[in-house]
Amino acid sequence: MDTTPTIASESFPYVSAEFRVGDFAMRYLDESTAKGGSGFTLLCVHGNPTWSFYYRRIVEQFRNRHRVIAVDHIGCGRSDKPSRNAFGYRMADHRDNLIALIDHLGLRNVILVAHDWGGAIGLSAMASRLDRLSGVVLLNTAAFPPPYMPRRIAACRWPLVGTPAVRGLNLFARAAVTMAMSRTKMTAATASGLLAPYDSWDHRVAIDAFVRDIPLSNDHPTMATLRELESSLPAFEHTPIELIWGMKDWCFREECLSRFESVWPHANSHRLETTGHYVMEDSPEETIEILQAFLSRVSAATPA
């Protein structure tokens, strides 16, 4: 029996729905106990090396008032994990899958909640569906060509040793459960949940692919995708935007936050001074509180 839809069910007791992407199953949570359908749709898009599990507190806190959808990109979480020969694993591939899911579900009144690679993927998808967007909440991410390459990530791209370390020893995902935290120590149960889908060489294909999809030259195919996204950012000028930033993040540093603030002067910024990269794990209460206040403001400003 296929147990993929309920990986980590002990700490994440939701059964994933399935959306077919060609020959593969892209899985996602679609949770709501709200009555009347009057709330927003919180579309939660994860990065690398996390999965929909990263947003479990948002599911818990908001499913009784809103519809919460948390995707697992192909190769991640409970979704199928095809080989590099069978699936492209470029940012554009994940963007196109997300657009297809948005259209398939007919999503409206979307609040995009995105972290890490999820920011670039989610924003590029919503840029082509702006009429369905009600707001954006970003947690330590980027939507433009990388202004720098952190050494710890660059090491995972070294010839001969990078892929064996990431896919063979699982060093990237295992390191993240400690290196992506700052103010708190991740519990063993949380670490186990984050790592659960990535238990073999074959199941770590997307982790390695995301690392290698960071473009450092103009001839990398994802450079053009990121430049296109960057050029689309002014189109969000009338969209309510909340930027929640862990200031102890060594990956998406303050430079990235400043880039967003320069293009979106209307955005609200929250600098969490002692928080690391895994914002939802390091400062869950503050993040939930900010998100709740944001939803209340956007709701109050939305015509009935």
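Heavy-atom basis, side chains included; hydrogens, waters and symmetry copies ignored.
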Inset, instruction - Verify whether one side chain among Thr33 and Asn64 offers a donor that lies under 3.5 Å from an acceptor in the other. - result: no
Name the atoms and distances for all side-chain donor-acceptor pairs under 3.5 Å in residues 292-300, with sequence neighbours left out.
residue : atom : partner : partner atom : Å
Gln292  : OE1  : Arg65   : NH1          : 2.2
Gln292  : NE2  : Ser296  : OG           : 3.2
Ser296  : OG   : Gln292  : O            : 3.1
Arg297  : NH2  : Glu242  : OE1          : 2.9
Arg297  : NH2  : Glu242  : OE2          : 2.9

Inset, instruction - Kindly state each residue pair satisfying side chain to side chain donor-acceptor pair (under 3.5 Å) with at least one member in residues 12-25, sequence neighbours excluded. - result: Ser16-Arg78, Glu18-Arg20, Glu18-Arg27
Inset, instruction - Examine distances only and state if a side-chain atom of Thr287 and a backbone atom of Ser283 form a donor-acceptor pair shorter than 3.5 Å. - result: yes
Inset, instruction - Applying side chain to side chain contact (heavy atoms under 4.5 Å, CB included), name anything that partners Ser217, two or more places apart in sequence or on another chain. - result: Asp219, His220
Legend entry - Apart from Met223 itself, residues in the same hydrophobic cluster as defined by side-chain heavy atoms under 4.5 Å: none
Legend entry - Qualifying residues under side chain to side chain contact (heavy atoms under 4.5 Å, CB included), relative to Arg167, sequence neighbours excluded: Thr163, Trp201, Asp202, Arg204, Val205, Asp208
Inset, instruction - Check step by step if ring pair (Phe, Tyr, Trp, His ring centres under 6.0 Å) holds for His66 and Phe40. - result: CA-CA 5 Å; His66 306 281; Phe40 294 110; 5.8 Å; yes
Legend entry - Main-chain N/O of Glu254 paired with Ser258 side-chain donor or acceptor, under 3.5 Å: yes
Inset, instruction - Kindly write out the residues that satisfy ring-ring contact (aromatic ring centres under 6.0 Å, His included) with His238, not counting sequence neighbours, or none if the list is empty. - result: none
Legend entry - Donor-acceptor under 3.5 Å (Lys81 side chain, Ser79 main chain): yes
Inset, instruction - Verify the distance criterion only: is there a donor paired with an acceptor across the side chains of Asp116 and Thr141 at less than 3.5 Å? - result: no
Inset, instruction - Would you list the pairs meeting salt bridge (Lys or Arg N to Asp or Glu O under 4.0 Å) in which at least one residue belongs to residues 256-265, sequence neighbours left out? - result: Glu230-Arg259, Glu261-Arg271
Legend entry - Connected via hydrophobic side-chain network under 4.5 Å: Leu195 and Leu169: no
Inset, instruction - With sequence neighbours left out, write down each residue that passes ring-ring contact (aromatic ring centres under 6.0 Å, His included) with Phe53, or none if nothing qualifies. - result: Phe12, Trp51
Inset, instruction - Would you check if the side chain of Ser182 reaches a backbone N or O of Thr274 as a donor-acceptor pair within less than 3.5 Å? - result: yes
Inset, instruction - Could you tell me which residues satisfy side chain to side chain contact (heavy atoms under 4.5 Å, CB included) with Thr187, sequence neighbours excluded, listed by chain and number? - result: Ala189, Thr190
Inset, instruction - List, by chain and number, the other hydrophobic cluster members for Val15, where Ile, Leu, Val, Met, Phe, Trp and Tyr join if side-chain heavy atoms come within less than 4.5 Å, directly or indirectly. - result: none
Inset, instruction - Using a 4.5 Å cut-off on heavy atoms from C-beta on, say whether the side chain of Tyr198 contacts that of Ile207. - result: yes
Inset, instruction - Please list, chain by chain and in numerical order, all residues satisfying side chain to side chain donor-acceptor pair (under 3.5 Å) with Asp249, sequence neighbours excluded. - result: Asn140, His277
Inset, instruction - For this output row, return yes or no: ring centroids of His94 and Phe210 closer than 6.0 angstrom. - result: yes
Inset, instruction - Using modelled atom types only, decide if a donor and an acceptor are shared between the side chain of Tyr54 and the backbone of Cys44 within a distance under 3.5 Å. - result: no
Legend entry - Taking every non-hydrogen atom, the tightest pair across Leu243 and Ala267: CD1-CB, 4.0 Å
Legend entry - Working for side-chain contact (heavy atoms from CB on, under 4.5 Å), residues Ile74 and Phe24: CA-CA 8 Å; Ile74 291 293; Phe24 311 116; 4.0 Å; yes
Legend entry - Check: Asp282 side chain, Tyr278 main-chain N or O, donor-acceptor pair, under 3.5 Å: no
Inset, instruction - Decide side-chain contact (heavy atoms from CB on, under 4.5 Å) for Met26 and Val71; before the verdict, give the C-alpha distance in whole Å, the side-chain angles of both, and the deciding distance to 0.1 Å. - result: CA-CA 8 Å; Met26 177 179 175; Val71 302; 4.1 Å; yes
Legend entry - Single-linkage hydrophobic cluster, 4.5 Å side-chain cutoff, Val110 and Leu105 together: yes
Legend entry - Ring centre gap for His115 and His46 strictly below 6.0 Å: no
Legend entry - Under 3.5 Å: donor-acceptor pair, side chain of His266, backbone of Thr239: yes
Inset, instruction - Please name the pair of heavy atoms, one in Ile99 and one in Arg129, separated by the smallest distance, quoted to 0.1 Å. - result: CG2-NH2, 3.2 Å
Inset, instruction - Could you tell me which residues satisfy salt bridge (charged side-chain N to carboxylate O under 4.0 Å, His left out) with Arg57, sequence neighbours excluded, listed by chain and number? - result: Glu281
Legend entry - Leu42: which of Ile69, Leu291, Leu112, Asn109 passes side-chain contact (heavy atoms from CB on, under 4.5 Å): Leu291
Inset, instruction - Evaluate the side-chain proximity of Phe236 to Leu123: yes if any heavy-atom separation is below 4.5 Å, no if none is. - result: yes
Inset, instruction - Run the numbers on Leu101 and Tyr28 for side-chain contact (heavy atoms from CB on, under 4.5 Å), then give the verdict. - result: CA-CA 9 Å; Leu101 180 65; Tyr28 62 96; 3.8 Å; yes
Inset, instruction - Using a 4.5 Å cut-off on heavy atoms from C-beta on, say whether the side chain of Pro234 contacts that of Val263. - result: yes
Inset, instruction - Take the angle between the ring planes of Trp264 and Phe260 and call it parallel below 30°, perpendicular above 60°, tilted in between. - result: parallel
Inset, instruction - Look only at the side chain of Trp250 and the backbone of Gly276, and say whether a donor-acceptor pair between them is shorter than 3.5 Å. - result: no
